[in-house]
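What follows is a short report on a single structure.
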Amino acid sequence: MSVLQQAGQQIISMTAEAVGALGTEFSEEQVRLEVPKDKSFGEFSVNTAMQLASVLRKNPRQIAQEIIANMKTENTYVQEVSMAGAGFINFRLSQRYYIDVIKEIFAQGDDYGKCDIGKGKRVNVEFVSANPTGPVHIGNARGGAVGDVLAEILSWAGYEVTREFYINDAGNQMEKFGASLEARYLEMFGKEFTFPEGGYEGDYIKEIALEYAKAHQKKLLTEESETRQEILARFGLEKNLSEIKRALDEYGVAYDVWYSENSLYEQGCVAEAIEQMKKTGSTYEEDGALWFRASEWGCDKDFVLVRSNGLPTYIMPDIAYHLNKLQTRQFDIAIDVWGADHHGYVPRMKSAIKALGIDEDRLGIILMQFVRLVRQEEVVRMSKRRGEMITLSDLVAEVGRDAARFLFNYYNFNTHMDFDLDLAVEKSNENPVFYVQYAHARICSIISQLRATETIEADLSLLTEEEEIELIKVVARFSEEIAVAAETFDTSRIPKYAVEIASAFHTFYNRCRVRCEEESLMYARVALIEAVRTVLKNLLNILGVSAPEKM
RNA sequence: GCGCCCUUAGCUCAGUUGGAUAGAGCAUGUGGCUUCGAACCACAGUGCCGGGGGUUCGAAUCCCUCAGGGCGUACCA
């Protein structure tokens, strides 16, 4: 339990106890611990008196007074309890609390900020899963940044995390891919060809075809069209996948598992999943197709699982995939990071999961709102069909990995965001990522200049300035921030929290000199900023953003 | 038609799950380096929390309704 949690728990206990002494039932779970908006009210507050007002039919202020009179603060971090406003009970902590926070940071170092709400549960986070028919485009960039950081947050929160990429290497799009490649291949040798309807028109298709032609020349001209397409598709898939891996690697995203959709077919998982769906008794045949009675499982409409031509629809291998994750591989939780255009897909997937007897809460779905790229105050238009798009590699080359990852996580996944390329590049000093990195570099610089004398044991009780206390108060919240971020899947809390710490540090820096007259105070302050450096570094690590010592 | 998401300062966004006077950054204005990094700090102004009802001690937050924007609603993926 962190120092912060200990203090919080003490307040909860003493509050529940004090209410009990008044002759009223009030459990610890009912105590709502809050942080007052105005710091002059202290570190914590509870609104217990207001909660009890309607029950006791008394003025909340009077109730608050009675609760306070019964409070036992001996041997706790609480120094002072007071009543304010409509009946808030406010708590001020003793200095020992702040000292213990810094000691805790030193003791835990690179692990400071971790918590154990995950209790070792196994979580699978599947994200990006870009279509392997082409390069990773900008739309996937947000999902990549958020998915990767979410995975990291969950791991800090005590979950055992697997990062996974689902390769859509089966079905319709693979055929279109192969047909598109074939057309370009034939075109190259001056043969007759028809470009498939809805095929992939991007230049990279020509490049892949050219590459194959360079290596194998006219070899495929004598083949049947079907085998030709298959060979080209497989060749192109290999190419694209290695390019996708390269781009993601450059972006700082590394996967534990690359899961092939096609392998689900090959291993009979799709057929098996169809059987399982039938066994639920919620399927029926109509017009030669197999339908799932999703309307019985909380979905507005029924939908088709197997078409009348015998081929499964797109959702069938996906059901098999989730069955594989949640049943076969026994993950406790599976999280999917999807684009907002898939939101209609959520109730369908959940209804299937439910019908199969799996607790739907084990499936967490994050819907990523779209990103619009803005340049010169204008929205950059992209067309995947025409192959006009900005790739992840382009973005990283233009704004850098640090800025991209930080900014994508800076906004909650649920907000539509505009990514201003000019702002991210030209006015890079306005970018919050540099603000945080600057704070880190600044601390490193100070510490390196004082390194010779840093070994002396510091007297942390000398840290009494308002800016010093504020700084400690902020860094003390770390594990709490991780816990909330993990529970809400909200990665944006982390960069925002990092900015808050950087800001508290800069304020401190401008108000208090580290290298000051009194040596003992100097050591105490060195210890303080050393602790802050650890926290900033840990936060940047979680974000996958570098923590430079010089800028 | 039905369903989901969004709407908070000039701009980009927070708002601790219903609490105290609604906050940051950017932009604007003023001030701060003979001493640790001025990529920084301090101070200043701006709000019909999209509109209107309701729930209660108390609403930006929960419910209803209307408006605007985005996206779904295939035997496409």
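For the ring-ring contact (aromatic ring centres under 6.0 Å, His included) test, no residue two or more places apart in sequence or in another chain qualifies with A/Tyr411. Residues satisfying the ring-ring contact (aromatic ring centres under 6.0 Å, His included) test with A/Phe508, not counting sequence neighbours, are none. Contacts of A/Glu481 classified as side chain to side chain donor-acceptor pair (under 3.5 Å), with partners at least two apart in sequence or in another chain: A/Arg477, A/Arg493. For the side chain to side chain contact (heavy atoms under 4.5 Å, CB included) test, residues two or more places apart in sequence or in another chain that qualify with A/Ala233 are A/Phe177. Contacts of A/Phe127 classified as ring-ring contact (aromatic ring centres under 6.0 Å, His included), with partners at least two apart in sequence or in another chain: A/Tyr255. Legend: residues meeting side chain to side chain donor-acceptor pair (under 3.5 Å) with A/Glu34, ordered by chain and number and at least two apart, are absent. With sequence neighbours excluded, the residues forming a side chain to side chain contact (heavy atoms under 4.5 Å, CB included) with A/Gln173 are A/Asn131, A/Asn168, A/Tyr200, listed by chain and number.
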Between the protein and nucleotides 5-7 of chain B, list the N/O to N/O atom pairs that are separated by less than 3.5 angstrom.
{"residue": "B/C5", "atom": "O3'", "partner": "A/Asn414", "partner atom": "ND2", "Å": "3.0"}
{"residue": "B/C5", "atom": "O2'", "partner": "A/Gln369", "partner atom": "NE2", "Å": "3.3"}
{"residue": "B/C5", "atom": "O2'", "partner": "A/Asn414", "partner atom": "OD1", "Å": "3.4"}
{"residue": "B/C6", "atom": "OP1", "partner": "A/Asn414", "partner atom": "ND2", "Å": "3.1"}

Please list each protein N or O that sits under 3.5 Å from an N or O in nucleotides 8-11 of chain B, with the distance.
none

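Scanning both residues, A/Asn140 and A/Val136, for their nearest heavy atoms gives CB-CG1, 3.5 Å.
Of all nucleotides listed (B/A39, B/A38, B/A20), B/A39 comes nearest to the side chain of A/Phe434.
Ion pairing between A/Lys39 and A/Glu466 holds under the 4.0 Å rule for side-chain N and carboxylate O.
Of the C1' atoms belonging to B/U16 and B/A77, the separation is 40 Å, rounded to the nearest Å.
Pairs engaging residues 315-324 of chain A under the side-chain hydrogen bond (donor to acceptor under 3.5 Å, both in side chains) rule: A/Glu164-A/Tyr321, A/Tyr259-A/Asn324, A/Asp318-A/Tyr345, A/His322-A/Asp336, A/Asn324-A/Arg329 [sequence neighbours left out].
Using Watson-Crick or G-U wobble geometry with both donor-acceptor distances under 3.5 Å, B/U16 finds no partner in any strand shown. Across every strand in view, B/U34 sits unpaired, with no contact that passes the Watson-Crick or G-U test at under 3.5 angstrom.
For RNA chain B, the neighbouring residues in residues 291-302 of chain A, judged by any heavy atom under 4.0 Å, are A/Trp291, A/Lys301. Taken residue by residue, residues 492-516 of chain A places heavy atoms nearer than 4.0 Å to RNA chain B at A/Lys496, A/His506, A/Thr507, A/Tyr509, A/Asn510, A/Cys512, A/Arg513, A/Val514, A/Arg515.
Between A/Ser351 atom OG and A/Asp300 atom CG the span is 9.5 Å, to the nearest 0.5 Å. Taking CD1 of A/Ile153 as the reference point, atom CG of A/Leu543 lies at 7.5 Å (rounded to 0.5 Å).
Residues A/Ser45 and A/Tyr410 each lie close to RNA chain B; by heavy-atom proximity, the contact nearer the 5' end of the strand is made by A/Tyr410.
Stacking of A/Tyr438 onto the six-membered ring of B/G37 is not present when judged by under 5.5 angstrom between centres and under 30° between planes. Stacking annotation: A/Tyr345 is not stacked on the base of B/G72 (requires ring centroids less than 5.5 angstrom apart and an interplanar angle below 30 degrees).
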